[in-house]
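All remarks here apply to the structure that follows.
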Protein chains: 2
Amino acid sequence: MQRDTRQRKAIRRALVDAGHPLSPQELHDAASEDVPGLGIATVYRNLKALGEAGFLETVELPGEPPRYEVAGKGHHHHFHCRSCDRVFEVDGCPGNLDRITPPGFRLEDHEFVLYGRCESCAA
Amino acid sequence: MQRDTRQRKAIRRALVDAGHPLSPQELHDAASEDVPGLGIATVYRNLKALGEAGFLETVELPGEPPRYEVAGKGHHHHFHCRSCDRVFEVDGCPGNLDRITPPGFRLEDHEFVLYGRCESCAA
DNA sequence: GCGCTTTTGATAGCTTCTTTTCGTTAGTGA
DNA sequence: TCACTAACGAAAAGAAGCTATCAAAAGCGC
């Protein structure tokens, strides 16, 4: 059966506390504060398990390895800070996508990434 | 000095003829019709050279290796067909991006990807 | 055509990210 | 508490994509 280990708890908590998508490495760094000595393999194992359990979702950004965030947040997009390389959530959606979809194409979905400086890096 | 080899010509032509972003592998396949036996290393070498020459631009899509398209097309986005995995150009831009940028964040740029079925796959 | 030098093709190597292996540790129900 | 076995950490292995190496081929100026 599934066990609730210190490591798994720390990984789950780190994802929730961050409030924005984390890379496996960022997640490892964050969860290591709770569980010193945490192995990176454990992070990957739990990312897989938590993904299959529907607890988290994968966030893919252009030219970047995947990041992960807690699932069930509803439709949103992301802001990628070019300075600190962190990714933030963005509510809202530009809309008007059918307008720019080429004729004959069937639009099913969309992804959308803003680039710039986050609040702390812009200051 | 820079030599105009059969291989380089074929690679340039394949990019222009395609009219949409190509992965190194797609480019290799296309240019191989002109130059049988074309090596994949030659494709990568020329992608690098043509990039530095300003002839092409890199197109990064979420969770995908980079693709390449001829430069100087002006601002546009891309449509990724989930069926044939090809990427097409999309003119126009949704706009209203400042509206959804979080307060304090400085927006510099944006990327935008549509997903669905292309014209031939939707039929 | 000649010779110089860039470019090529094949293949090995490298980098980055992820998964597997394996012996050890530690949840969990009885 | 005990026993069972899921989960762990470390390190090796794997996968994918790109780059370097090197001998051979082929542009290009003369």
Side-chain angles (χ1 to χ4, degrees), chain A residues 1-15 18 21-69 78 80 85-87, chain B residues 1-15 18 21-69 78 80 85-87:
Chain A
M1 106 296 318
Q2 175 105 325
R3 292 179 184 174
D4 210 13
T5 62
R6 290 186 308 129
Q7 289 84 349
R8 184 162 297 156
K9 277 182 223 160
I11 288 169
R12 234 185 292 123
R13 188 178 324 133
L15 268 173
L22 297 179
S23 66
Q25 191 54 58
E26 285 173 324
L27 185 52
H28 178 257
D29 294 347
S32 290
E33 299 191 0
D34 262 324
V35 182
L38 177 68
I40 188 68
T42 298
V43 173
Y44 279 105
R45 269 189 292 250
N46 278 288
L47 281 175
K48 194 179 175 195
L50 292 171
E52 286 166 356
F55 178 80
L56 56 79
E57 280 167 9
T58 304
V59 176
E60 302 261 25
L61 297 186
E64 295 280 318
R67 287 174 170 81
Y68 301 88
E69 65 183 3
H78 295 98
H80 189 173
D85 206 44
R86 284 183 299 174
V87 173
Chain B
M1 106 297 316
Q2 175 106 326
R3 292 179 185 176
D4 210 12
T5 62
R6 289 186 309 127
Q7 291 83 348
R8 187 162 295 158
K9 276 182 225 162
I11 287 169
R12 235 186 291 123
R13 189 179 323 132
L15 268 173
L22 297 179
S23 67
Q25 192 54 58
E26 285 173 324
L27 185 53
H28 178 257
D29 294 347
S32 290
E33 298 191 0
D34 262 322
V35 181
L38 177 67
I40 188 68
T42 298
V43 173
Y44 280 106
R45 268 190 293 251
N46 279 287
L47 280 176
K48 193 178 175 194
L50 292 171
E52 286 166 357
F55 178 81
L56 56 79
E57 280 168 9
T58 303
V59 176
E60 302 261 26
L61 298 186
E64 296 280 317
R67 289 173 168 81
Y68 302 87
E69 66 183 2
H78 296 96
H80 190 174
D85 205 44
R86 285 183 299 173
V87 173

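What you see is a predicted model; the values in this text were computed from it and never measured. The figures here come from the full heavy-atom set of this structure, side chains too, leaving out hydrogens, waters and symmetry mates. Order of the sequence lines fixes the chain letters, A, B, ..., with proteins taken first and strands second; residue numbering starts at 1 for each chain.
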Rounded to whole Å, please give me the gap between [atom1] in [X] and [atom2] in [N].
{"X": "Lys48(A)", "N": "dA6(D)", "atom1": "NZ", "atom2": "P", "result": "15 Å"}
{"X": "Leu47(A)", "N": "dA7(D)", "atom1": "CG", "atom2": "C1'", "result": "15 Å"}
{"X": "Glu26(A)", "N": "dT16(C)", "atom1": "CD", "atom2": "P", "result": "17 Å"}
{"X": "Lys9(B)", "N": "dT6(C)", "atom1": "NZ", "atom2": "P", "result": "19 Å"}

Give every pair of a protein N or O atom and an N or O atom of nucleotides 10-18 of chain D that lie under 3.5 Å apart, one pair per line with the distance.
{"from": "dC18(D)", "atom 1": "OP2", "to": "Tyr44(B)", "atom 2": "OH", "distance (Å)": "2.5"}

Could you go through nucleotides 24-28 of chain C and list every protein N or O atom that sits under 3.5 Å from one of its N or O atoms, giving the distance for each pair?
{"from": "dG27(C)", "atom 1": "N2", "to": "Arg3(A)", "atom 2": "NH2", "distance (Å)": "2.6"}
{"from": "dG27(C)", "atom 1": "N3", "to": "Arg3(A)", "atom 2": "NH1", "distance (Å)": "3.3"}
{"from": "dT28(C)", "atom 1": "OP1", "to": "Asp4(A)", "atom 2": "N", "distance (Å)": "2.8"}

Handout entry: Flag for His78(B)-Glu60(B): side-chain donor and acceptor within less than 3.5 Å
Key =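 No - no donor-acceptor pair under 3.5 Å links their side chains.
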
Exercise for the section: Decide whether Thr42(B) and Arg45(B) meet the rule of one side-chain donor and one side-chain acceptor closer than 3.5 Å. Expected result: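 Arg45(B) and Thr42(B) do have a side-chain donor-acceptor pair below 3.5 Å.
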
Exercise for the section: Evaluate side chain to side chain contact (heavy atoms under 4.5 Å, CB included) for Phe55(B) paired with Arg12(B), printing each intermediate quantity in order. Expected result: CA-CA 9 Å; Phe55(B) 178 81; Arg12(B) 235 186 291 123; 3.1 Å; yes

To the nearest 0.5 angstrom, please state how far the [atom1] atom of [X] sits from the [atom2] atom of [Y].
{"X": "Arg86(B)", "Y": "Arg67(B)", "atom1": "CZ", "atom2": "CZ", "answer": "11.0 Å"}
{"X": "Leu61(B)", "Y": "Leu61(A)", "atom1": "CG", "atom2": "CG", "answer": "12.0 Å"}
{"X": "His28(A)", "Y": "Ser23(A)", "atom1": "NE2", "atom2": "OG", "answer": "11.5 Å"}
{"X": "Arg8(A)", "Y": "Asn46(A)", "atom1": "CZ", "atom2": "CG", "answer": "4.5 Å"}

Practice task
Answer yes or no: does a side-chain N or O of Asn46(B) lie under 4.0 Å from OP1 or OP2 of dT7(C)?
Solution key: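 Asn46(B) to dT7(C) OP1/OP2: no side-chain N or O under 4.0 Å.
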
Exercise for the section: May I have the step-by-step check of side chain to side chain contact (heavy atoms under 4.5 Å, CB included) for Arg13(A) and Asp34(A), ending in yes or no? Expected result: CA-CA 9 Å; Arg13(A) 188 178 324 133; Asp34(A) 262 324; 2.6 Å; yes

